Enquirer: 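This structure is in C-alpha cells; I'll ask about it shortly.
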Amino acid sequence: MSLVKIGVIGIGNMGSLHVQMLNKGQIEGAMLTAVCSSNESRIAWVKAHTNGDVKIFKEEEAFFTESGIDAVLIATPHYSHPVLAKKAFAKGKHVLIEKPAGVFTKNVLEMNAAAKSCGKVFGIMYNQRANPLYQKVRDLIQSGQLGEIKRTNWIITDMYRPQSYYDSSKWRATWKGEGGGVLLNQALHQLDLLQWTTGCMPKRIRSMSSSGRYHDIEVEDDVTAFLEYENGATGVITASTGEAPGTNRYEIVGDRGKIVVENEELIFYQLTQSEREFNSSYEGGFGQPDCQRIEIPVKSENANHAIIIQNWIDAIVKDSPLLSPGEEGVKALEISNAIYLSSWLNETVLLPIDPDLYYKKLQENINDSTFVKKNVTNTTLDVSGTH
Ligand SMILES: NC(=O)c1ccc[n+]([C@@H]2O[C@H](COP(=O)([O-])OP(=O)(O)OC[C@H]3O[C@@H](n4cnc5c(N)ncnc54)[C@H](O)[C@@H]3O)[C@@H](O)[C@H]2O)c1
C-alpha cells in the first residue's frame with residue numbers, strides 16, 4: 001500500500017507539532033507532502049524544519065488542487081475548521097480537523113453532511129480520547145459496572161493561561177476571531193470526554209460565565225454550568241484559566257458506586273450492591289451499602305496527538321474504526337454552545353439548542369463588540385506536552 005500523502009494547513013502552535021511528527025516519520029503509512037500557510041515566518045520555519053520535498057502553498061485553492069495530497073490535517077483557528085473541511089471534502093480529500101469542530105453548530109452540521117455524502121475518512125483531534133485513563137472510565141461506565149448515572153462533576157481549572165498567551169495571536173479570545181474562551185478552547189476536551197465516557201448528552205443547561213474576569217480579553221475565562229440529564233441525573237462543570245494552582249477532578253456517581261479521576265489517578269469506589277436495592281431492602285435506619293475502594297492502575301498519557309493521527313491514517317489505509325470520528329465533534333460543541341446561550345439569555349436552555357438562534361446571538365456579540373486588542377505579539381508557542 002502506498003503512503004497516504006498528507007497536507008497540513010495552518011502552521012502555528014499546533015500545526016507545527018503535526019508537521020514535526022509527520023516529518024520525523026512518527027506516523028506509519030503517512031507522508032508529509034504539502035503545507036499551506038499564509039504566514040511568511042511560518043513558511044520560513046517549514047523550510048528550515050522539513051526536507052526539500054514538502055510543497056509549500058500560500059493559497060488554499062492551489063493547496064487543495066495542485067498539491068497531490070490524499071488527506072488534509074486542518075490546524076487553523078476554530079472558525080475556519082468547517083469551512084476548510086467542506087472545501088477538502090469537495091476535492092475528495094480525507095480530513096482530520098483540530099478541535100473544536102467549529103464555533104457554532106449550524107455550519108458544523110453542514111460539514112458533517114458534506115463528510116457523509118463524500119464518504120472520505122473524517123476525524124477530529126479529541127486527543128484526550130486516546131488517554132488510557134479516560135478510556136478506562138468509559139469502560140467502567142459503558143460496561144455497567146458503575147450502574148445508572150446519578151451525578152457528574154468536573155472541575156477544570158488546571159489549564160491556567162497568563163495574559164501573554166492571549167496576546168500571542170490577534171484571533172485569540174475575541175468573539176470575532178475565536179468565538180469563545182476557556183469553554184470552546186481549553187475545556188472542550190473535557191466536554192467531549194464527559195459525553196463520550198458517560199455515553200449521554202445533557203438535556204437542560206443553566207450557566208454563569210464571566211468574560212475577561214482574570215484577563216484583558218472579551219470572551220469568558222471563568223464559567224460554571226449546571227446540567228440535567230434525561231434520567232434526572234445532574235452535573236456541574238467549572239472551568240477557568242485564571243486559577244493557580246488549578247484542579248482537574250472528574251467525579252461520576254452511579255447506582256453502584258463512584259469514580260474519581262484526579263491527579264491522573266483513577267479510583268473506583270465500588271458498592272457491593274445497587275444503592276437503589278439497598279435503599280429499598282435495608283431496615284437498620286442509619287446503614288449504607290458496603291463499598292470497596294479500588295485504585296485502578298492505569299497510566300495517564302496526556303498529549304496523544306500522534307495516536308489520533310495514526311488512528312486516522314489506519315482508518316484510511318486499513319478501514320479500521322476511528323477513535324474520534326469527525327461527526328462527533330458537534331456533541332461537545334453543542335454543550336459548549338448551550339452553556340454560552342444560557343449565559344447570554346440568562347435562562348435555562350434545552351438541548352439541542354436552536355442553531356439559528358445561537359448563530360444570531362453570536363453575531364450580536366461580534367457586532368456589539370467595542371473591545372480593542374492590545375499588545376499582540378504574533379508569537380508561535382511550544383505546545384508539546386500540553387493537552
Ligand atoms: N488538540 C489540541 O490539543 C490543541 C492544542 C492547541 C491548539 N489546538 C487547536 O489548533 C487550532 C490552531 O491553534 P494554534 O494554537 O495552533 O493557533 P495559531 O494561531 O498558533 O496557528 C494558526 C495558524 O493558522 C494560520 N492560518 C489561519 N488561517 C489560515 C488559512 N486559511 N490558511 C492557512 N493558514 C492559515 C495562521 O497564520 C497561524 O499560523 C485551534 O483551533 C486550536 O483549538 C488544538
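What you see is a predicted model; the values in this text were computed from it and never measured. When a ligand or atom number is given, it counts from 1 through the structure's own listing order. Starting from 1, each residue takes its place in the sequence as its number. Side chains included, hydrogens not; waters and symmetry mates left out as well; all remaining heavy atoms used.
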Enquirer: Hey, would you say the F89 and F122 ring centroids sit under 6.0 Å apart?
Expert: yes
Enquirer: Is any NZ, NE, NH1 or NH2 atom of the basic residue among K176 and E218 found under 4.0 Å from an Asp or Glu carboxylate oxygen of the other?
Expert: no
Enquirer: Does ligand 1 have an atom under 4.0 Å from some heavy atom of W171?
Expert: yes
Enquirer: Regarding E264 and K299, does a basic nitrogen lie under 4.0 Å from an acidic carboxylate oxygen?
Expert: no
Enquirer: What part of A75 sits under 4.0 Å from ligand 1 if we count only heavy atoms: the side chain, the backbone, both or neither?
Expert: backbone
Enquirer: Would you check the N or O atoms of N13, main chain and side chain alike, for any that come under 3.5 Å of an N or O of ligand 1?
Expert: yes
Enquirer: Can you check whether W171 and Y166 have ring centres sitting under 6.0 Å from each other?
Expert: no
Enquirer: Taking NZ, NE, NH1 and NH2 as the nitrogens, is one of them in K106 or E110 under 4.0 Å from a carboxylate oxygen of the other?
Expert: no
Enquirer: Report yes or no: does T380 have a heavy atom closer than 4.0 Å to ligand 1?
Expert: no
Enquirer: Taking 4.0 angstrom as the limit and counting only heavy atoms of C36, give me the atoms of ligand 1 inside it, by number and element.
Expert: 33 (C), 34 (N)
Enquirer: If you measure from atom 15 (O) of ligand 1 to every heavy atom of M125, K87, R172, which option wins on shortest distance?
Expert: R172
Enquirer: Only heavy atoms of E60, strictly under 4.0 Å: list the atoms of ligand 1 that pass.
Expert: 31 (N)
Enquirer: Does R213 form a salt bridge (charged side-chain N to carboxylate O under 4.0 Å, His left out) with D221? I'd like the steps, not just the answer.
Expert: CA-CA 6 Å; R213 179 169 176 193; D221 52 9; over 6 Å; no
Enquirer: With a cut-off of 4.0 Å, which atoms of ligand 1 are near a heavy atom of H81?
Expert: 41 (O)
Enquirer: If the threshold is 4.0 Å, N to carboxylate O, is there a salt bridge linking K331 and E334?
Expert: no
Enquirer: With heavy atoms under 4.0 Å as the rule, classify the contact between K99 and ligand 1 as side chain, backbone, both or neither.
Expert: both
Enquirer: Looking at K87 and E60, does any basic side-chain N land under 4.0 Å from a carboxylate oxygen?
Expert: yes
Enquirer: I need the atoms of ligand 1 closer than 4.0 Å to a non-hydrogen atom of S169, numbered in the order shown.
Expert: 19 (O)
Enquirer: Indicate, as side chain, backbone, both or neither, the part of E98 found under 4.0 angstrom from ligand 1 when only non-hydrogen atoms are considered.
Expert: side chain
Enquirer: Which atoms of ligand 1 are found less than 4.0 Å from any heavy atom of P77?
Expert: 22 (C), 24 (O), 27 (C)
Enquirer: Can you find an N or O of M14 that's nearer than 3.5 Å to an N or O of ligand 1?
Expert: yes
Enquirer: Could you list the atoms of ligand 1 found under 4.0 angstrom from a heavy atom of N39?
Expert: 37 (O)
Enquirer: How does I9 reach ligand 1, if at all, at less than 4.0 Å between non-hydrogen atoms: by side chain, backbone, both, or neither?
Expert: side chain
Enquirer: Side chain, backbone, both or neither: which applies to T76 and ligand 1 if a contact is any heavy-atom pair less than 4.0 Å apart?
Expert: both
Enquirer: E275 and salt bridge (charged side-chain N to carboxylate O under 4.0 Å, His left out): which single residue from R256, K150, K258 fits?
Expert: K150
Enquirer: Among side-chain atoms of N185 and K99, is any donor-acceptor pair under 3.5 angstrom?
Expert: yes
Enquirer: Taking 4.0 angstrom as the limit, do R42 and E40 come out as a salt bridge?
Expert: no
Enquirer: If you measure from each heavy atom of S80 to ligand 1, is any distance below 4.0 Å?
Expert: no
